[in-house]
Amino acid sequence: MELVVLMLWCLLCGVVLKWILKNVNWWVYEAKLGDKQYSLPPGDLGWPFLGNMWAFLTAFKSSDPDSFMSSFITRFGRTGIYKAFMFGNPSVIVTTPETCKRVLTDDDAFKPGWPRATVELIGKKSFTGISSEEHKWLRKLTAAPVNGHEALSMYIEYIQDNVVASLEKWSNMGQIEFLTEIRRLTFRIIMYIFLSSESEPVMDSLEREYTILNHGVRAMAINIPGFAYYRALKSRKKLVAVFQSIVDERRANKKASIATTKKKDMMDSLLDVEDENGRKLSDEEVIDILLMYLNAGHESSGHMIMWTIVFLEKHPEILEKAKEEQEEIVKKRPSTQKGLTLKEIRGMEYLSDVIDETLRLITFSLTVFREAKRDVNISGYTIPKGWKVLVWFRSVHSDPEIYPNPKEFNPGRWKGYTPKAGSFLPFGAGSRLCPGNDLAKMEISIFLHYYLLNYRLKRINPGSPVMYLPHSRPKDNCLAKVVKCPSSHV
């Protein structure tokens with residue numbers, strides 16, 4: 001009898017303890033809101049400290065990453081807006097085109113709200129940590145050298161020379177890790193654009209540090225030896241030291257009026273620029289902006305090239321149609337013309353659809369972070385001042401009401417289709433739209449042009465499944481051979 005009583009007592013204590021733990025975040029974050037708590041979006045703040053992060057990480061390590069948001073829809077209905085506790089903060093997740101558009105474009109109500117750990121890695125003076133006024137100024141300064149018509153035309157020759165040389169090199173190497181080689185290529189390109197650097201040893205060293213940094217960005221912020229975040233902070237210090245030495249050298253050359261034959265690059269522009277009051281950027285600002293651009297400029301392009309090729313190789317009929325378009329471009333080209341032109345790239349309608357479908361299906365940046373500047377009402381729900389807002393791109397891109405059969409790779413869905421505002425967000429939206437989006441698409445298009453005409457990828461394990469996850473390395477594509485097979489029209 002005593003044993004039964006003891007077991008019942010333990011069971012009761014367990015139930016009470018669970019109830020207490022499940023309500024800690026409510027007491028800490030919701031109860032103090034008063035009547036506003038009753039107009040919060042539906043959802044669940046989860047366990048204390050962890051919140052919903054365990055479910056999030058578990059889902060994104062599984063074969064069904066979308067199960068994280070599916071659980072909210074199952075429990076709370078298809079409201080398109082949910083409360084949660086994410087990355088150490090009470091948060092609201094928005095998942096529909098209308099709510100995403102509102103958060104991304106309403107700069108009066110929302111400001112950047114990236115987790116502190118992310119800001120520590122990417123930089124307090126990068127675009128993730130600066131005010132809207134600073135962002136507008138720096139975006140205007142940095143967008144033209146990477147996205148303007150003149151800039152894009154200027155980079156085409158360099159990009160295609162490196163693409164052609166790399167493909168030829170890979171075809172003679174035998175077995176390679178495809179993603180690693182592509183990332184090296186895209187890093188070389190972005191280093192040339194921003195720092196005029198073509199030093200192979202320096203680029204390989206920096207690219208390795210960036211790889212460690214990115215693992216830390218996507219990991220739990222545990223700053224203890226042995227954890228990814230700890231290693232990422234060390235890599236950031238190494239990257240900052242390298243960029244500081246470059247800044248010091250450039251400033252010294254300018255002070256001594258030492259002439260150089262190199263073209264003016266992004267580093268020069270950042271060192272020379274000043275605002276209307278004559279203020280120039282500090283070393284920290286220059287370094288954080290460069291660190292951010294160099295990271296984004298090779299990481300996303302490299303993964304998108306890889307995934308586009310994975311999908312093309314899995315769908316031979318789509319690959320053949322894309323190849324035919326590229327062959328037609330070559331046929332129409334004057335015999336005196338060497339290589340691609342910007343006009344030809346912008347005329348690649350079907351290949352553009354292929355790339356957009358890859359961007360939709362993979363959704364490399366699955367979310368961005370904002371913070372409510374004041375209490376904001378969206379769809380009848382209150383987002384309290386200071387709460388984080390996660391714009392969940394992945395849910396929008398996989399919504400069957402917007403994209404029928406969303407897990408199917410179908411470039412044909414884009415023919416004659418113009419997505420409504422907020423329903424296609426591979427580069428974000430609003431004033432913080434990715435400033436390098438045109439450069440990224442051009443770089444991907446150039447690579448695919450030469451790949452489709454002259455090469456094929458032979459995967460070492462073609463039977464293994466492909467996971468539609470950003471940042472991941474699909475098992476059937478890590479180890480591969482690039483095989484040369486010239487087109488009869490080239």
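For the single chain, residues carry numbers from 1 onward in sequence order. Side-chain atoms are counted along with the backbone in the values below, which use heavy atoms only and exclude waters and symmetry mates.
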Visitor: Evaluate the side-chain hydrogen bond (donor to acceptor under 3.5 Å, both in side chains) criterion for residues S352 and K441: first the C-alpha distance (whole Å), next the side-chain angles of each, then the deciding distance (0.1 Å), finally the verdict.
Guide: CA-CA 8 Å; S352 179; K441 285 200 72 171; 3.3 Å; yes
Visitor: Taking all heavy atoms of L40 and all of P384, pick out the closest pair and write down the distance.
Guide: CD2-CG, 3.5 Å
Visitor: Distance-only, no hydrogens or angles: does the R236 side chain make a donor-acceptor pair with backbone N or O of L213 under 3.5 Å?
Guide: no
Visitor: So, Q244 versus D283: side-chain donor-acceptor pair below 3.5 Å or not?
Guide: yes
Visitor: Indicate yes or no for a side-chain donor-acceptor contact from D44 to the backbone of G46 under 3.5 Å, with no hydrogens or angles considered.
Guide: yes
Visitor: So that I can tick it off, tell me whether E30 and K36 are bridged by a salt bridge, with the cut-off set at under 4.0 angstrom between side-chain N and carboxylate O.
Guide: no
Visitor: What's the separation between atom CD1 in I81 and atom CZ in R102, rounded to the nearest 0.5 Å?
Guide: 9.5 Å
Visitor: Taking everything shown except K280 itself, do over 12 heavy atoms lie less than 6.0 Å from its NZ?
Guide: yes
Visitor: Please give me the minimum heavy-atom distance between Y230 and P225, naming the atom from each residue.
Guide: CD2-CA, 3.5 Å
Visitor: Out of curiosity, M191 CE to L294 CG, how far, rounded to the nearest 0.5 Å?
Guide: 6.5 Å
Visitor: Are any side-chain N or O atoms of E357 and backbone N or O atoms of V354, one a donor and one an acceptor, separated by less than 3.5 Å?
Guide: no
Visitor: Sub-3.5 Å donor-acceptor pair from the side chain of D375 to the main-chain atoms of K385, do we have one?
Guide: yes
Visitor: With salt bridge (Lys or Arg N to Asp or Glu O under 4.0 Å) as the test, would you mind laying out the steps for E285 and R279 before giving the verdict?
Guide: CA-CA 12 Å; E285 290 171 314; R279 184 185 79 86; 3.2 Å; yes
Visitor: Under the side chain to side chain contact (heavy atoms under 4.5 Å, CB included) criterion, do L319 and L452 qualify, and how do the steps go?
Guide: CA-CA 8 Å; L319 185 148; L452 288 166; 4.0 Å; yes
Visitor: Side chain to side chain contact (heavy atoms under 4.5 Å, CB included), that's the test. Do L448 and L351 meet it? Break it down for me.
Guide: CA-CA 8 Å; L448 293 174; L351 190 63; 3.9 Å; yes
Visitor: Shortest non-hydrogen contact from L152 to M442?
Guide: O-CE, 3.5 Å
Visitor: Find the distance between CG (L312) and OG1 (T358) and round it off to the nearest 0.5 Å.
Guide: 6.5 Å
Visitor: Apply side chain to side chain contact (heavy atoms under 4.5 Å, CB included) to residues I318 and Y350 and explain how you reach the verdict.
Guide: CA-CA 10 Å; I318 296 175; Y350 187 69; 3.3 Å; yes
Visitor: Quick check against the 3.5 Å criterion: does S91 have a side-chain atom that pairs as donor or acceptor with the backbone of N89?
Guide: yes
Visitor: Below 4.5 Å, heavy atoms only, C-beta onward: do E371 and W387 meet side chain to side chain?
Guide: no
Visitor: For the atom pair CD1 (I402) and OG (S395), what is the distance rounded to the nearest 0.5 Å?
Guide: 10.0 Å
Visitor: Using the side chain to side chain contact (heavy atoms under 4.5 Å, CB included) rule, take L359 and F364 through it: C-alpha gap first, then chi angles, then the decisive distance, then the call.
Guide: CA-CA 7 Å; L359 290 168; F364 184 76; 6.0 Å; no
Visitor: So which atom in S301 and which in E443 form the shortest heavy-atom distance, rounded to 0.1 Å?
Guide: OG-OE1, 3.5 Å
Visitor: Could you please spell out the steps behind the ring-ring contact (aromatic ring centres under 6.0 Å, His included) verdict for F87 and F369?
Guide: CA-CA 10 Å; F87 300 95; F369 297 81; 5.2 Å; yes
Visitor: Can any side-chain N or O of Q37 pair as donor or acceptor with the backbone N or O of G34 at less than 3.5 Å?
Guide: yes
Visitor: Within a reach of under 6.0 Å around CZ of R374, are more than 12 heavy atoms found that belong to other residues, nucleotides or ligands?
Guide: yes
Visitor: Is it true that a side-chain atom of T186 and a backbone atom of I182 form a donor plus acceptor pair closer than 3.5 Å?
Guide: yes
Visitor: Does the side chain of T96 come under 3.5 Å of the side chain of T99 through a donor N or O and an acceptor N or O?
Guide: yes
Visitor: Do Y210 and L291 have side chains that approach each other closer than 4.5 Å (heavy atoms only, starting at C-beta)?
Guide: yes
Visitor: Checking Y403 side chain against S423 main chain: does a donor-acceptor pair fall under 3.5 Å?
Guide: yes
Visitor: Between D288 and K124 (salt bridge meaning N to carboxylate O under 4.0 Å), is one present in this structure?
Guide: no
Visitor: Examine the side chains of S39 and T382 and answer whether a donor and an acceptor come within less than 3.5 Å of each other.
Guide: yes
Visitor: Any side-chain heavy atom of E98 sitting closer than 4.5 Å to one from K420?
Guide: yes
Visitor: When the ring planes of Y451 and F447 are compared, do they come out parallel, tilted or perpendicular, using 30° and 60° as the limits?
Guide: parallel
Visitor: Answer yes or no: is there an ion pair linking R370 with D107, defined by an N-O contact shorter than 4.0 Å?
Guide: no
Visitor: Nearest 0.5 angstrom please: I444 CD1 to I345 CD1, how far?
Guide: 12.0 Å
Visitor: Going by heavy atoms in the side chains, are R360 and P406 under 4.5 Å from each other?
Guide: yes
Visitor: Using the ring centroid of each side chain, check whether Y293 and F194 are separated by less than 6.0 Å.
Guide: yes
Visitor: So which of Y417, F393, W414 actually passes ring-ring contact (aromatic ring centres under 6.0 Å, His included) with F424?
Guide: W414
Visitor: Can you tell me how far CD1 of I159 sits from CG of L185, rounded to the nearest 0.5 angstrom?
Guide: 9.0 Å
Visitor: Please examine the side chains of W392 and F72, heavy atoms only from C-beta on, and report whether any two atoms are closer than 4.5 Å.
Guide: no
Visitor: Are any of the side-chain heavy atoms of L271 and L281 separated by less than 4.5 Å?
Guide: no
Visitor: Quick check: do F85 and L50 have side-chain heavy atoms less than 4.5 Å from each other?
Guide: no
Visitor: Around atom CG of D35, are there more than 12 heavy atoms from other residues, nucleotides or ligands closer than 6.0 Å?
Guide: no
Visitor: State, with a plain yes or no, whether a side-chain heavy atom of T367 is found less than 4.5 Å away from one of R394.
Guide: no
Visitor: If we ignore angles and hydrogens, is there a donor and acceptor under 3.5 Å between the side chains of R183 and T211?
Guide: yes
Visitor: Looking at F227, does the NZ or CZ of R231 lie under 6.0 angstrom from its six-membered ring centre and within 45 degrees of the ring axis?
Guide: no
Visitor: Looking at H397 and L425, would you say the former's side chain and the latter's main chain have a donor-acceptor pair under 3.5 Å?
Guide: yes
Visitor: Under the ring-ring contact (aromatic ring centres under 6.0 Å, His included) rule, what do Y381 and Y82 come out as? Steps first, then yes or no, please.
Guide: CA-CA 9 Å; Y381 299 106; Y82 307 94; 8.9 Å; no
Visitor: Between K101 and D106, does any NZ, NE, NH1 or NH2 come within less than 4.0 Å of an OD or OE carboxylate oxygen?
Guide: no
Visitor: Taking V163's backbone N and O only, do any of them form a donor-acceptor pair with S166's side chain (distance below 3.5 Å, no angle check)?
Guide: no
